[in-house]
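Structure first, commentary second.
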Protein chains: 2
Amino acid sequence: MMSEEHSLFIETWGSMGVLWGINRSMARIHAFVMLNEDPVDLDTVAGELDISRGNASMSLKELRNWGVIHRVHISGDRRDFYVAEPDTWRMLFKIAIVRKEREFNPAMQALRDLLTNAGLEKGSGVYTRMNDLEKSFSKFDRIMKKALGNERRSRMMLDLLTGFRD
Amino acid sequence: MMSEEHSLFIETWGSMGVLWGINRSMARIHAFVMLNEDPVDLDTVAGELDISRGNASMSLKELRNWGVIHRVHISGDRRDFYVAEPDTWRMLFKIAIVRKEREFNPAMQALRDLLTNAGLEKGSGVYTRMNDLEKSFSKFDRIMKKALGNERRSRMMLDLLTGFRD
DNA sequence: ATCATGTTTCAATCCTTTCTGAACGTACTA
DNA sequence: TAGTACGTTCAGAAAGGATTGAAACATGAT
């Protein structure tokens with residue numbers, strides 16, 4: 001049985017995941033793996049969190065693609081086991097990178113097109129508003145690029161050091 | 001008819017809205033209002049964006065609740081008209097504030113409960129991971145609080161200066 | 001080769017969110 | 001008073017996502 005705090009954390013993490021675009025099952029599983037010192041297997045995940053094996057399998061796969069959990073093997077056991085990525089920043093960065101490229105960059109591009117090609121009047125309220133917005137976006141972009149640059153470097157280091165391999 | 005750039009911006013903004021939890025219609029309407037120098041009315045919104053009057057009415061109401069658009073009246077006209085909030089930062093802040101309080105704060109609380117009450121072993125990998133995560137969250141929290149503090153002040157200023165009222 | 005064990009896939013189902021459109025309310029006009 | 005213009009609401013329809021469960025697949029042991 002799981003402690004009060006553990007379930008609370010799992011459910012909260014689940015809600016939070018929904019917020020940033022990871023579905024509830026995936027986020028709950030992620031929390032569960034994070035909370036386990038020892039590697040966990042598919043059946044344990046499905047059983048403890050009360051979700052289907054199919055769903056658990058797909059979610060674990062996706063979490064691996066995000067690089068936030070890793071598959072490990074235990075000798076003498078045929079099952080796959082999973083452990084959480086020890087670098088907790090990694091998950092947040094991963095999500096930020098994908099999000100930025102998929103959602104933010106196109107919006108910034110559309111905004112710039114608008115400013116250069118839509119023939120807005122320079123003095124108008126719309127122009128001022130859009131120009132302000134573009135400035136905000138650019139600033140955010142610069143901050144992100146800097147952060148992601150650091151992450152890319154540190155991720156390479158981490159891969160070299162930990163040697164986690166599926 | 002709308003220019004290429006305008007529609008592109010509207011649709012992109014629509015997708016982006018989905019990302020941060022505003023639904024597509026609302027975000028599209030918001031973009032449309034932002035792009036119009038002159039106040040727009042409900043029927044124009046519904047007609048141009050090809051959504052039902054019911055949806056447009058509800059979305060405009062919600063956007064007003066967020067404070068990102070305002071209702072204005074034009075003398076001699078019975079219709080309600082809408083204009084965009086001129087402070088473009090406001091929308092981003094509004095969303096950030098609500099999001100933070102609704103989603104982030106509970107997660108941080110659950111994390112802290114976990115660290116203090118779940119009896120995790122100090123030396124364990126789980127403890128280290130969770131402690132790191134808590135540090136990251138706290139840092140983010142401090143940054144947000146600072147930013148939101150500034151926003152609160154600037155918002156009061158803005159209200160005094162602009163005098164927009166529904 | 002067959003069984004036992006474990007994993008993956010995907011069509012069907014379920015659930016949640018969003019959207020529509022008709023009905024209603026209100027206020028103005030003739 | 002009836003008619004018109006406009007805004008709002010909400011039950012149900014539609015769309016979109018998440019989840020299940022069973023079948024297919026893979027691998028190792030006997």
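Just so it is clear, the values below take in all heavy atoms, side chains as well, and ignore hydrogens, waters and symmetry mates.
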Separation of atom [atom1] in [X] from atom [atom2] in [N], rounded to whole Å:
X      : N       : atom1 : atom2 : answer
H73(B) : dC6(D)  : NE2   : P     : 14 Å
D77(B) : dG7(D)  : CG    : P     : 9 Å
L63(B) : dT8(D)  : CG    : C1'   : 16 Å
N23(B) : dA14(D) : CG    : P     : 19 Å
R24(A) : dT20(D) : CZ    : C1'   : 17 Å
D43(B) : dC6(D)  : CG    : P     : 7 Å
I51(A) : dG17(D) : CD1   : P     : 20 Å
M58(A) : dG17(D) : CE    : P     : 16 Å

Mutual orientation of the aromatic rings belonging to W13(B) and H30(B) [parallel < 30°, tilted 30-60°, perpendicular > 60°]: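 Tilted, since the angle between the ring planes falls between 30° and 60°.
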Enclosure of E4(B) CD (heavy-atom neighbours >12, cutoff 6.0 Å):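 Result for CD/E4(B): open.
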N or O in side chain of K61(B) less than 4.0 angstrom from dT9(D) OP1/OP2: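 Yes, K61(B) has a side-chain N/O under 4.0 Å of OP1/OP2 on dT9(D).
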Polar side-chain contact R53(A)-dG21(D) base: donor and acceptor under 3.5 Å: no
Between the side chains of [X] and [Y], is a donor N or O closer than 3.5 angstrom to an acceptor N or O?
X       : Y       : value
S7(B)   : E11(B)  : no
T44(A)  : D41(A)  : yes
S138(B) : R112(B) : yes

Whichever of D80(B) and A56(A) has its nearest DNA chain D nucleotide further upstream toward 5':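 Upstream on the strand: D80(B).
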Contact nearer the 5' end of DNA chain D, comparing S57(B) with R78(B): R78(B)
Touch class at under 4.0 angstrom, heavy-atom based, for R79(B) against every strand present: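 It contacts sugar-phosphate atoms only.
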Touch class at under 4.0 angstrom, heavy-atom based, for N55(A) against every strand present: base
Backbone N/O of G125(B) and side chain of E37(A): donor-acceptor pair under 3.5 Å: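 The answer is yes, because a donor-acceptor pair under 3.5 Å joins these two groups.
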Exam field: side chain E121(A) to backbone G123(A), donor-acceptor pair closer than 3.5 Å: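 Pair absent, no side-chain N/O of E121(A) close to backbone of G123(A).
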Among dG21(D), dT8(D), dG28(D), the nucleotide that comes nearest once only the side chain of L42(B) is considered: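 When the side chain of L42(B) is considered, dT8(D) is the closest of dG21(D), dT8(D), dG28(D).
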For chain A, the stretch of DNA chain C it reaches, first to last nucleotide, under 4.0 Å of its heavy atoms: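 For DNA chain C, the relevant span reads dA4(C) to dT9(C).
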